[in-house]
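Read the structure below first, then the notes.
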Amino acid sequence: MEIRITTLSENTANHGFLAEWGLSILVEVDGARILMDTGWGFSAVYNAQLLGIDLDSIDTIVLSHGHRDHTGGLRDILRRKRNPVNVIAHPDMWASKYTHFDTRDEFSGTPFSQESLESLGAHFNLSRGPVRITEHVMTSGEIPMLSGYEIIEDNLLVKQGAVLHADKLADDLALIIETDYGLVLVLGCAHHGIVNTLRHAQKVTDQELVYAIIGGTHLYRASTERITKTIADLKEAGIQKLGVSHCTGFVASSRLSCKFPDAFFLNNAGTQFTLP
Ligand SMILES: [Zn+2]
Ligand SMILES: [Zn+2]
């Protein structure tokens with residue numbers, strides 16, 4: 001079973017491609033074209049054009065969560081599609097999300113209304129649980145926080161009424177692909193933790209072996225201890241491909257590259273590969 005993965009938007013870009021803070025990954029499998037996230041702005045559209053990818057051929061869009069760096073490109077993508085498209089996400093993608101920076105709280109949620117996106121052809125399938133997309137592909141649904149050492153950062157907030165609270169990011173989900181060579185996980189930001197995501201995927205598919213993890217791991221502000229424990233747990237899972245993106249950060253990336261010398265690569269905008 002062959003899987004083609006193309007990264008359309010990411011913080012760093014390969015030669016000739018556009019970079020922006022965000023993530024968008026095209027997954028081609030089971031004869032379907034599934035777009036995981038849409039980046040912050042127009043880099044996904046620009047980079048798709050550069051690669052000769054017709055955005056109209058995308059069957060399904062999955063939004064990993066409601067942060068703008070994953071949903072912000074959606075309107076531009078819909079405008080370039082002639083046919084309606086299913087958009088799978090968690091209902092909390094519409095929550096009023098903020099990020100706290102040193103001196104200010106900045107809106108960081110989905111920057112469009114549901115109605116405006118529906119008028120451009122988006123058919124939303126909002127679900128708290130896993131959604132089956134093809135025979136071998138599903139979304140994770142809500143990911144339980146069980147590892148004990150992975151935490152959701154306290155600068156991520158949600159506005160309820162006029163008050164900002166810590167955002168538990170129930171909307172955080174991953175794409176799970178079941179293959180005969182193991183699970184392939186495509187992550188958005190993995191706000192609930194890469195290991196929590198992995199264990200949840202193992203549980204919902206009843207499959208232990210994890211072949212590949214691709215995407216954002218949200219380790220860029222993680223403690224040394226958390227990165228050490230993450231590495232130990234990933235080692236146990238027997239991962240053979242580890243293509244990190246977006247919110248992984250330099251320190252975690254360099255440590256992972258040392259510990260997984262054969263599996264590790266930087267998955268930047270313009271990166272294209274086939275699994276297995
Ligand atoms: Zn996020
Ligand atoms: Zn992100």
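For ligands, and for the atoms within them, numbers begin at 1 and follow the listed sequence.
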Query raised in the report: Taking atom types as modelled and ignoring hydrogens, do the side chains of S9 and S24 form a donor-acceptor contact shorter than 3.5 angstrom?
Result: no
Query raised in the report: Closer than 2.8 Å to the Zn ion (ligand 1), which protein N, O or S atoms?
Result: H65 NE2, H67 ND1, H191 NE2
Query raised in the report: Have S245 and N11 got a donor and an acceptor in their side chains that come within less than 3.5 Å?
Result: no
Requested in this report: Could you tell me whether F124 and W94 have their ring centroids closer than 6.0 angstrom?
Outcome: yes
Query raised in the report: Can you tell me if CZ on F42 sees more than 12 non-hydrogen neighbours from other groups inside 6.0 Å?
Result: no
Query raised in the report: Could you give all pairs that pass the ring pair (Phe, Tyr, Trp, His ring centres under 6.0 Å) test and reach residues 162-204, with sequence neighbours left out?
Result: H65-H191, H67-H191, Y181-Y211, H191-H218
Query raised in the report: Is F101 atom CZ crowded by more than 12 heavy atoms from other residues, nucleotides or ligands, each under 6.0 Å away?
Result: yes
